[in-house]
Amino acid sequence: MLDIKYLRENFATAEKALSTRAGKVDLSGFQTLDQQRRELLNEVELLKAEKNKVSALIGRTKDKSQVLGEISRMKDVSAQVKLLDDKLREVADQLNELLMGVPNIPHEQCPVGASEDDNIEIRIWGEKPALDFTPKAHWDIGEDLGILDFTRASKLSGARFCVYFGAGARLERALINFMLDLHTVEHGYTETLPPFLVNRASMTGTGQLPKFEDDLFHTEGMDLFLIPTAEVPVTNIHRDEILAEKDLPLCYTAYTPCFRKEAGSHGKDTRGLIRQHQFNKVEMVKFTRPEDSDAELESLLQNAEKVLQLLGLPYRVVDLCTGDIGFSAARTFDIEVWLPGQGCYREISSCSTFRDFQARRASIRFRREGAKKPELLHTLNGSGLAVGRTLLAILENYQQEDGSVLIPEVLKPYMGGLEKIER
RNA sequence: GGAGGAGUGGCCGAGUGGCUUAAGGCGGCGGUCUUGAAAACCGUUGAACGAAAGUUCCGUGGGUUCAAAUCCUACCUCCUCCGCCA
């Protein structure tokens, strides 16, 4: 959510900044609603002050017969207060609904652009493997090795699911453990294991609701949602809290499965592990002081890149333009891994700063040393990494001509010393 | 699923209709004293909105009343017991 005061005082600037995003942002009605709300608030507060004062007087008067006139007058005032309160709530709800649907203002350094075509490639890492044979796509590699089974998964659940077998299943598990160990031991994150089902307030806090309910799996009878990313439960850990400055930055990592309806992507990436309804991800989440968030985004990105470097997977980093960043993000770097089987780079991590956008929605604050007033902190998160996509990247990058797949050095201890996966 | 009980400030805890402007304690902060510290004593110590006056917040939402932490109601959470169960 944007700061209502900022919006009030910098309406044109905000509107202009938001117009660089993809999709129309409708701010019409804000100024009217905001003014209505403030007028009603002022009016109703004056009445309440009157009511409180006279009621106290009535309370102090032993002989109520002396204040019968006041009592009946307060009856009217009370009715009036109720009426205005209802009206106020209606206006405030409308205003809130409008604000909840407004995306974050892009970071000043976020490149301006209309679509993903305007994203900026900022660095490339690693050598693409020189394969002297025609590389296979991971779904063929996986099925030929008997470690991935999309056919049986569709029997179990439908399209966009996968059953892993043997070394495939173990490789997924190995990746999760490797990533968690790296982030906790080397990068100083605290491991968390949050719920995979969350309530509406949590989904609203990080920005999935109210706008993107169609993308979420919802449970029947309980009003709970399956998490689309660990960002949701982990960020909401500190919802409605005031943290101490000395505890910042607070860095968490979490492994969770993620569940997405992929409502708008029919026909896209229908084969393989790229776009599944359920996938595993190791996520990193940070809570920082406002002045630290830019630097923390850099280190978050580096932490994610480190995973690919250690796995020896070539990648590039892309600075997303204003037309491509997500609803809650102010700035996002995507890491795209090279996939020889597809001959292209594909997103494997997304590292974003939300500044105070999520913190305001979720009311996550901190108090500076010696300060009286708490202030909003900044939240950031990034994949570290999407596990399924990492697995498929390994299959495609480490494939051999005979159909086997070598295990990256750092994973061998996690694979019981296994050197390669073969039929 | 059934039967009870409970939700009050950072924490503990009093308060069952009207100076509650939420007692008291702990913790925190400041001070006195001290070579320094401890102890003792004194003071101070929640959040949101507002330029201010002021308003709101005692799990959450409704309701009763001139007046609600307090009464009614629905819901949520936690605890105890029973049943079921990984």
Side-chain angles (χ1 to χ4, degrees), chain A residues 1-9 30-31 33-100 193-205 209 218-225 233 236-248 250 257 287 356-377:
Chain A
M1 192 158 72
L2 298 180
D3 181 6
I4 192 165
K5 255 186 264 178
Y6 170 82
L7 204 52
R8 191 180 291 148
E9 287 157 19
F30 168 77
Q31 283 159 317
L33 283 170
D34 180 46
Q35 191 168 348
Q36 269 180 17
R37 191 189 71 91
R38 289 201 289 165
E39 279 167 8
L40 280 167
L41 192 66
N42 198 46
E43 196 178 347
V44 79
E45 281 190 358
L46 286 175
L47 275 177
K48 280 179 178 174
E50 164 81 356
K51 186 185 80 164
N52 289 344
K53 216 162 74 184
V54 177
S55 287
L57 175 79
I58 295 170
R60 257 178 275 123
T61 309
K62 284 262 169 13
D63 183 2
K64 300 296 185 221
S65 68
Q66 286 180 358
V67 287
L68 288 179
E70 303 291 22
I71 288 179
S72 86
R73 191 163 68 83
M74 283 309 104
K75 212 174 197 134
D76 291 342
V77 170
S78 217
Q80 183 69 6
V81 164
K82 191 167 291 179
L83 206 79
L84 285 172
D85 257 343
D86 286 347
K87 210 147 87 182
L88 176 64
R89 191 177 321 123
E90 205 177 295
V91 171
D93 284 351
Q94 277 179 45
L95 183 62
N96 196 46
E97 198 186 317
L98 186 148
L99 284 173
M100 282 303 204
L193 184 58
F196 305 155
L197 287 161
V198 298
N199 58 26
R200 219 164 255 283
S202 297
M203 284 294 185
T204 307
L209 290 181
H218 184 251
T219 60
E220 219 172 293
M222 291 272 287
D223 202 23
L224 291 174
F225 297 87
N236 277 281
I237 286 174
H238 294 297
R239 172 154 49 85
D240 296 322
E241 289 185 18
I242 300 171
L243 305 174
E245 181 178 24
K246 65 174 166 52
D247 294 333
L248 302 182
L250 210 46
F287 302 82
D356 62 14
F357 187 84
Q358 292 181 327
R360 187 172 294 105
R361 289 180 157 242
S363 186
I364 312 173
R365 293 171 292 173
F366 78 107
R367 202 187 314 270
R368 286 187 194 275
E369 227 68 65
K372 204 167 161 56
K373 287 275 161 207
E375 52 184 293
L376 293 168
L377 47 71

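The chains referred to below are lettered A, B, ... by the order of the sequence lines, with proteins before strands, and numbering in each begins at 1. Small disclaimer: the values here were computed from a predicted structure and weren't measured.
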Subject >> Under-4.0 Å side-chain N/O to phosphate OP1/OP2 contact, A:Arg365 with B:A47 >> reply: no
Original post:
More 5' along RNA chain B: A:Lys373 or A:Lys48, using each one's nearest nucleotide?
Top reply: A:Lys373
Original post:
Looking only at atom P, what distance separates B:G4 and B:U73, rounded to whole Å?
Top reply: 14 Å
**OP:** Searching all strands shown, indicate the nucleotide that pairs with B:C78 (Watson-Crick or G-U wobble; both distances under 3.5 Å).
**Re:** B:G5
Subject >> Audit row: A:Lys53, A:Glu70, salt bridge (Lys or Arg N to Asp or Glu O under 4.0 Å) steps and yes/no >> reply: CA-CA 11 Å; A:Lys53 216 162 74 184; A:Glu70 303 291 22; over 6 Å; no
**OP:** Take the protein atom NZ of A:Lys75 and the nucleotide atom C1' of B:U64, then report the distance between them rounded to whole Å.
**Re:** 11 Å
**OP:** Determine: side-chain N/O of A:Ser72 to OP1/OP2 of B:C66, distance under 4.0 Å, yes or no.
**Re:** no
Original post:
Can you check whether A:Glu90 reaches A:Gln94 side chain to side chain, under 4.5 Å on heavy atoms?
Top reply: yes
Original post:
Between B:G50 and B:C57, how far is it from one C1' atom to the other, in whole Å?
Top reply: 16 Å
Subject >> Complement of B:C84, any strand, by Watson-Crick or G-U distances under 3.5 angstrom >> reply: none
Original post:
A:Arg360 CZ to B:A48 P: how many Å, rounded?
Top reply: 13 Å
Subject >> Interatomic distance where CG belongs to A:Leu47 and C1' belongs to B:U56 [whole Å] >> reply: 15 Å
Subject >> P-based separation of B:U55 from B:C11 [nearest Å] >> reply: 27 Å
Subject >> Side chain proximity check, A:Lys48 to A:Asp85, heavy atoms < 4.5 angstrom >> reply: yes
Original post:
Any side-chain heavy-atom pair from A:Arg361 and A:Met100 closer than 4.5 angstrom?
Top reply: yes
Original post:
What's the closest nucleotide to the A:Ser55 side chain, out of B:C49, B:C66, B:A48?
Top reply: B:C66
Original post:
Whom does B:U70 pair with, Watson-Crick or G-U wobble, provided both distances fall under 3.5 Å?
Top reply: none
**OP:** Return the 5'-most residue of the pair A:Leu46, A:Lys82 with respect to RNA chain B, ranking by each residue's nearest nucleotide.
**Re:** A:Leu46
**OP:** Please state how far atom CD1 in A:Ile242 lies from atom P in B:G28, giving the value in whole angstrom units.
**Re:** 19 Å
Original post:
Do A:Arg365 and A:His238 come close enough that some side-chain heavy atom pair is under 4.5 Å?
Top reply: no
Original post:
Nearest-Å distance, CZ (A:Arg367) to P (B:G46)?
Top reply: 9 Å
Subject >> Between P of B:G61 and CZ of A:Arg200, the distance in whole Å >> reply: 17 Å
**OP:** Would you indicate, yes or no, if B:U55 has its OP1 or OP2 atom less than 4.0 angstrom from a side-chain nitrogen or oxygen of A:Asn52?
**Re:** yes
Original post:
Can you check whether A:Lys5 has a side-chain N or O nearer than 4.0 Å to OP1 or OP2 of B:G50?
Top reply: yes
Original post:
Paired with B:A40: which nucleotide, if any, by Watson-Crick or G-U wobble criteria at under 3.5 Å for both distances?
Top reply: B:U32
Subject >> Whole angstrom value for the distance that separates C1' of B:A51 from CD of A:Glu45 >> reply: 14 Å
Original post:
Could you state the CD-C1' distance from A:Glu70 to B:C66, rounded to the nearest angstrom?
Top reply: 10 Å
Subject >> Partner nucleotide of B:A22 by Watson-Crick or wobble geometry (both distances under 3.5 Å) >> reply: none
**OP:** Determine the Euclidean distance between corresponding P atoms of B:U8 and B:C79; express it in Å to zero decimal places.
**Re:** 14 Å
Subject >> Nucleotide paired to B:C58 in any strand shown, Watson-Crick or G-U, under 3.5 Å >> reply: none
Original post:
Base, sugar-phosphate, or nothing for A:Arg37, non-hydrogen atoms under 4.0 angstrom?
Top reply: nothing
Original post:
Which whole number of Å gives the distance between the C1' atom of B:C41 and that of B:A47?
Top reply: 31 Å
Original post:
Between the side chains of A:Arg239 and A:Ser202, does any donor sit under 3.5 Å from an acceptor?
Top reply: yes
